[in-house]
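Scroll down for the structure; my scribbles are underneath it.
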Amino acid sequence: MKFLVLHGPNLNLLGKREPAIYGSQTLADINASLEMLSSELGCVLSFFQSNSEGELIDAIQAAAVDCHGILINPAAYTHTSIAIRDALSAVGLPSVEVHLSNIHSRETFRHTSMLAPVAIGQICGFGRDSYLLGLRALFNHVKNK
């Protein structure tokens, strides 16, 4: 099984950006943790981060060729991007939306996810563990299909 791990805008700044909200781990740290888990599960991951909505959409569309699912932290695009939602819906791959912080306990504008209705689930508020829980859930969903 192969999964795309998609990181949205500003996640390349993890470890430096608002550590009180997002923690002190870097994106490389999170990816390394995911690699360890993927080894345990017996799946393969490919990683992509972009600050550009169009590049994220291109990566989603490309995943349809050889991936079984998408683990996505759309970051700020969670609340604004109908285009990313449409791309996820169009490719038909199962996706899990993850967030480091609990978006439902933050500013009101962060409470609505454009992507949640087309994802198989959403995990937020557990820092790096949101990604790990999300990968486990996605793997189990595809395995049990």
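Heavy-atom basis, side chains included; hydrogens, waters and symmetry copies ignored.
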- Message: Whether the side chain of Gln61 engages the backbone of Ala87 through a donor-acceptor N/O pair (distance < 3.5 Å, no angle test) should be reported.
- Response: no
- Check whether Ile82 and Val118 end up in the same hydrophobic cluster, where Ile, Leu, Val, Met, Phe, Trp and Tyr are linked by side-chain heavy atoms less than 4.5 Å apart. yes
- Query: Are Phe139 and Val98 grouped together when hydrophobic residues (ILVMFWY) are joined by side-chain heavy atoms under 4.5 angstrom apart?
  - Reply: yes
- Message: Taking CZ in Phe126 as the centre, count heavy atoms belonging to other residues, nucleotides or ligands within less than 6.0 Å. Is the count above 12?
- Response: no
- Beyond-backbone contact of Met1 with Lys143, side-chain heavy atoms, under 4.5 angstrom: yes
- Query: What pair of heavy atoms forms the shortest contact from Met114 to Thr80, and how long is it?
  - Reply: CG-N, 4.0 Å
- Query: Between His7 and Asn31, do the side chains contain an N or O donor and an N or O acceptor separated by less than 3.5 Å?
  - Reply: yes
- Task: Check Asp66 against Lys2 and note the closest heavy-atom contact, atom names and distance.
- Result: OD2-NZ, 2.9 Å
- Message: Can you tell whether the side chains of Arg85 and Glu97 come within less than 4.0 Å, N to carboxylate O?
- Response: no
- Would Leu115 and Leu88 count as a side chain to side chain contact (heavy atoms under 4.5 Å, CB included) if you check the C-alpha gap in whole Å, the side-chain angles of each, and the deciding distance to 0.1 Å? CA-CA 8 Å; Leu115 282 64; Leu88 288 171; 3.6 Å; yes
- Ser38 side chain to Glu35 backbone, donor-acceptor under 3.5 Å: yes
- Item | Heavy-atom donor-acceptor pair, Asp29 side chain to Thr26 backbone, under 3.5 Å | yes
- Item | Ring centres under 6.0 angstrom apart (His99, Tyr131) | no
- Between Thr78 (side chain) and Ala75 (backbone), is there a donor-acceptor pair under 3.5 Å? yes
- Enter the distance from Ser50:OG to Asn12:CG here, rounded to the nearest 0.5 Å. 9.0 Å
- Query: Is Leu6 reachable from Leu45 through a run of I, L, V, M, F, W or Y residues, each pair having side-chain heavy atoms under 4.5 Å apart?
  - Reply: no
- side-chain contact (heavy atoms from CB on, under 4.5 Å) partner of Phe3, the single match among Leu135, Leu34, Val44: Leu135
- Task: Supply the atom-to-atom distance Arg128 CZ to Ser130 OG, rounded to the nearest 0.5 angstrom.
- Result: 10.5 Å
- Taking all atoms of both residues into account, what is the closest heavy-atom pair of Gln49 and Pro9, and its distance? NE2-CA, 4.2 Å
- Item | Glu40 side chain reached by Arg136 side chain, heavy atoms, under 4.5 Å | yes
- Message: Go through it in stages, so that I can follow the logic: the residues are Asn73 and Val5, the test is side chain to side chain contact (heavy atoms under 4.5 Å, CB included), and I'd like the CA-CA distance, side-chain angles, deciding distance and then a yes or no.
- Response: CA-CA 8 Å; Asn73 182 343; Val5 178; over 6 Å; no
- What is the distance from atom CG of Leu100 to atom CD1 of Ile123, rounded to the nearest 0.5 Å? 12.0 Å
- Do you know the tightest heavy-atom contact between Ile70 and Ala63? CD1-CB, 4.2 Å
- Note on the structure: Looking only at heavy atoms, the pair that brings Pro94 and Val142 closest together is CG-CG2, 3.8 Å
- Hey, could you give me the CG/CG distance between Leu41 and Asn140, rounded to the nearest 0.5 Å? 7.5 Å
- Query: With distance as the sole test, does Tyr77 use its side chain to make a donor-acceptor pair with the main-chain N or O of Leu56 at under 3.5 Å?
  - Reply: no
- Here the pair of heavy atoms bringing Ala59 nearest to Leu4 is O-CD2, 3.6 Å
- Task: Begin with the C-alpha distance, continue with both residues' side-chain angles, and end with the deciding distance and a verdict on side chain to side chain contact (heavy atoms under 4.5 Å, CB included) for Ile84 and Ile60.
- Result: CA-CA 8 Å; Ile84 290 175; Ile60 291 166; 3.9 Å; yes
- Query: Is there a side-chain contact between Leu11 and Ile30, using heavy atoms and a 4.5 Å cut-off?
  - Reply: no
- Which is it for Ile120 and Leu138 under the side chain to side chain contact (heavy atoms under 4.5 Å, CB included) test, yes or no, and what are the steps along the way? CA-CA 8 Å; Ile120 60 171; Leu138 183 59; 4.1 Å; yes
- Message: Nearest 0.5 Å, please: how far is CD1 in Ile72 from CD in Gln122?
- Response: 11.5 Å
- Task: Might you work through the side-chain hydrogen bond (donor to acceptor under 3.5 Å, both in side chains) test for Asn51 and Glu53, ending with a clear yes or no?
- Result: CA-CA 7 Å; Asn51 296 318; Glu53 184 177 36; over 6 Å; no
